[in-house]
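Before any comments, here is the structure.
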Amino acid sequence: MNVLLIGSGGREHALSWKLAASPLLTKLYAAPGNPGIAEDAEIVPLKIEDHAAVIRFCKEMRIGLVVIGPEAPLTAGLADALLAEKIKVFGPQKIPATLEGSKSFTKRLCAGHNIPTAAFIETKSREEARVYIEKHGAPIVLKADGLHAGKGVIVAMDKAEALMAVDQVFAMSSNPGGDAPVVIEEFLEGEEASYFCFVHGEQVLPLASAQDHKRVFDNDQGPNTGGMGAYSPAPVFTKAIEQEVLEKIVRPTARALAKAGTPYSGVLYIGLMITKDGPKLIEYNVRFGDPECQVLMPRMKDDLLTLMLATANGELEKSSVRWRDEVAITVVFANQGYPGAYQSGAVIRGLEKANAVEGVTVFHAGTRRDGDKLLSNGGRVLNVTALGKTVTEARERAYKAIALIEWPEGFYRSDIGWRAIAREKAK
Ligand code: AMP
Ligand code: GLY
């Protein structure tokens, strides 16, 4: 089967790497791709916003499945356009993708189906927002509606900061004239974890858990980023918690969307806070996490393409998935300045040596080629990923590999996996 993969980040390199190993695959195409993906796929110059062009390409190349990696084409309705032409697609249509595209859509769904989440109001009034903050105090969380690459959320630790943030969060909302441009919610205390399931209608195939590191610097200091590293599984996410999340959060969500006539199909990313009162939903994403995907793929024993086809075809009840016993960790090698301004175009050397370290795979996130040179081309540039028997071993391998990469303009956190390693040490 021919497959078209949409996307250009580290997540999509992890997907191309895993898809390329499929016995079902004839040829993998990717757009826009990156130099890492180019090792697994033929890069095609398709504008993914141009749905008609993507459809033409799929018909011409007899594409059996389109795999959509990032959220933007999903919320833009690429899956709807492909399905209307009877082209198979992995990824949800526009309305179910609103789970990620709109905070208030998800909060309403939670409220309507008793799904555990932070107490909240949605509001279009700055005055109402201020009154709510005065009443509830801090810490408190303000969220702008719309897609913001993880930057539309303000966690205010005191009341004055929260009141100051009201104007900012209204200004960020991508739907300022709508009836709920802003959500204000209770601050949840606990440990964060993410969980992934393949979903088709009411069918759910549980995958695995992961934990990422959102702050830019060691010891969880500095501004939030898209993620500076991750590991899988997340030790805080026990079997008992998994059952609770499936029964109280994932299945009711899948059922509600199916009953509304807008069934979900694709991977569902469940962002959770594990509180002392049990797991609560922080957010949904309608795609794999980045960099969480980079730690899930090396652990997956079964064939990804088979599972993605089962998702698209609604055959998840017949499917199962197995995982390696090893844990995986990924360290993001980022451009100095990220998540603020940075300069691209510096030369990177040493990837071959890094890839040769036992258990290590380096995924490309923001790179480009210039002749035989590899250059940085983005904020998060490489994802140095390692398997190991323990988080401690995986982490040693990842840092050994990253030390072999010559890129003085880059930086990385040196404490990825600290929570899990502290748990291993405590045992
Ligand atoms: P979101 O984009 O909704 O995932 O929020 C981004 C980050 O803000 C999350 O990963 C959490 O670290 C934090 N956050 C969001 N909502 C809450 C909440 N209700 N309580 C505590 N932290 C939160
Ligand atoms: N790493 C967080 C995300 O993919 O949204």
Side-chain angles (χ1 to χ4, degrees), residues 7 9-12 14-15 69-72 74-75 97 99-107 110 115-122 132-133 136-157 162 165 169 172-174 182-196 209-216 220 222-232 234 267-277 279-296 330-332 334 339 363 365 379-380 383 413 416 419:
R11 164 182 50 217
E12 287 77 25
L15 293 175
E71 60 276 22
L74 293 166
T75 53
L99 281 182
E100 175 163 2
S102 166
K103 302 280 181 203
S104 69
F105 178 88
T106 300
K107 294 303 275 193
C110 290
I115 293 170
T117 188
F120 71 101
I121 57 158
E122 27 170 22
Y132 187 85
I133 292 166
H136 291 267
I140 196 161
V141 182
L142 296 85
K143 300 186 174 185
D145 210 36
L147 290 181
H148 300 279
K151 288 164 198 146
V153 173
I154 297 167
V155 180
M157 295 317 284
V169 78
M172 273 194 295
S173 176
S174 51
V182 163
V183 167
I184 301 184
E185 67 179 37
E186 168 200 7
F187 176 82
L188 296 173
E189 229 163 309
E191 189 172 331
E192 277 187 78
S194 44
Y195 181 46
F196 299 84
S209 66
Q211 209 160 36
D212 86 347
H213 297 259
K214 287 222 163 71
R215 302 295 187 125
V216 68
D220 295 327
N224 266 332
T225 68
M228 292 300 292
Y231 53 96
S232 172
V267 62
L268 185 62
Y269 169 137
I270 304 122
L272 298 161
M273 189 71 83
I274 313 303
T275 75
K276 62 177 180 8
D277 306 321
K280 295 195 178 177
L281 180 71
I282 295 179
E283 62 159 350
Y284 279 130
N285 292 316
V286 297
R287 48 171 174 84
F288 278 112
D290 187 348
E292 291 90 332
C293 187
Q294 292 85 313
V295 287
L296 293 175
T330 189
V331 180
V332 173
F363 295 117
R380 294 187 292 172
N383 309 136
R413 275 183 64 160
I416 300 303
R419 275 199 180 84

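All residue numbers in this chain count up from 1 along the given sequence. Since the structure is predicted, the reported quantities are computational estimates derived from the model, not experimental observations. When a ligand or atom number is given, it counts from 1 through the structure's own listing order.
Contact annotation: for K143 versus ligand 1, heavy atoms closer than 4.0 Å belong to the side chain alone. Looking at M228 against ligand 2, nothing comes within 4.0 Å, counting heavy atoms. Residue contacts with ligand 2, taken as heavy atom pairs separated by less than 4.0 Å, do not involve R11 at all.
Using cut-offs of 30° and 60° on the angle between ring planes, the pair Y269 and F196 is perpendicular.
At least one heavy atom of P291 sits less than 4.0 Å from an atom of ligand 2. Not close to ligand 1: K280, with no non-hydrogen atom less than 4.0 angstrom away. Put simply, part of Y269 is less than 4.0 Å from ligand 2, judged by heavy atoms. M273 counts as a contact of ligand 1, since one of its heavy atoms falls under 4.0 Å from the ligand. Distances from ligand 2 to the non-hydrogen atoms of G289 include at least one value under 4.0 Å.
Q211 contributes no side-chain N or O that, together with a main-chain N or O of A234, makes up a donor-acceptor pair within less than 3.5 Å. Between the R215 side chain and the G222 main chain, a donor and an acceptor come within less than 3.5 Å of each other. Between the side chain of S232 and the backbone N or O of S209 there is at least one donor-acceptor pair closer than 3.5 Å. Distance alone, capped at 3.5 Å, places no donor-acceptor pair between the E189 side chain and the T275 backbone.
Considering both main-chain and side-chain atoms, G226 comes within under 3.5 Å of ligand 2 through a nitrogen or oxygen pair. The N/O atoms of N224, backbone and side chain alike, include none that comes under 3.5 Å of an N/O atom in ligand 1. Checked against a 3.5 angstrom limit, the closest N/O atoms of E292 and ligand 2 fall inside it. For ligand 1, one of its N or O atoms has an N or O atom of L188 under 3.5 Å away. Taking any N or O of D212, backbone or side chain, at least one lies under 3.5 Å from an N or O belonging to ligand 2.
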Go through E283 and K143 one step at a time and tell me if the salt bridge (charged side-chain N to carboxylate O under 4.0 Å, His left out) criterion holds. CA-CA 11 Å; E283 62 159 350; K143 300 186 174 185; over 6 Å; no
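Counting atoms of ligand 2 from 1 in the listed order, those under 4.0 Å from a heavy atom of N285 are 5 (O). Interface of I282 with ligand 1, defined as ligand atoms under 4.0 Å from a residue heavy atom, comprises 3 (O), 4 (O), 15 (C), 16 (N). The atoms of ligand 1 that sit less than 4.0 Å from any heavy atom of K214 are 10 (O). Each of the following atoms of ligand 1 lies closer than 4.0 Å to a heavy atom of E185: 16 (N), 17 (C), 18 (C), 19 (N).
In this structure, CD1 on I282 lies 4.0 Å from CE on M273, to the nearest 0.5 angstrom.
Across every non-hydrogen atom of G101 and T75, the tightest pair is CA-CG2, 4.2 Å. Nearest heavy atoms, M172 versus I154: CE-CD1, 4.0 Å. The shortest heavy-atom contact between V295 and Y231 is CG2-C, 3.9 Å.
Here the protein heavy atom with the shortest distance to atom 5 (O) of ligand 2 is R287 NH2, 2.9 Å.
Just one residue in the list K280, K107, E185, E186 forms a side-chain hydrogen bond (donor to acceptor under 3.5 Å, both in side chains) with T117, and that residue is K107.
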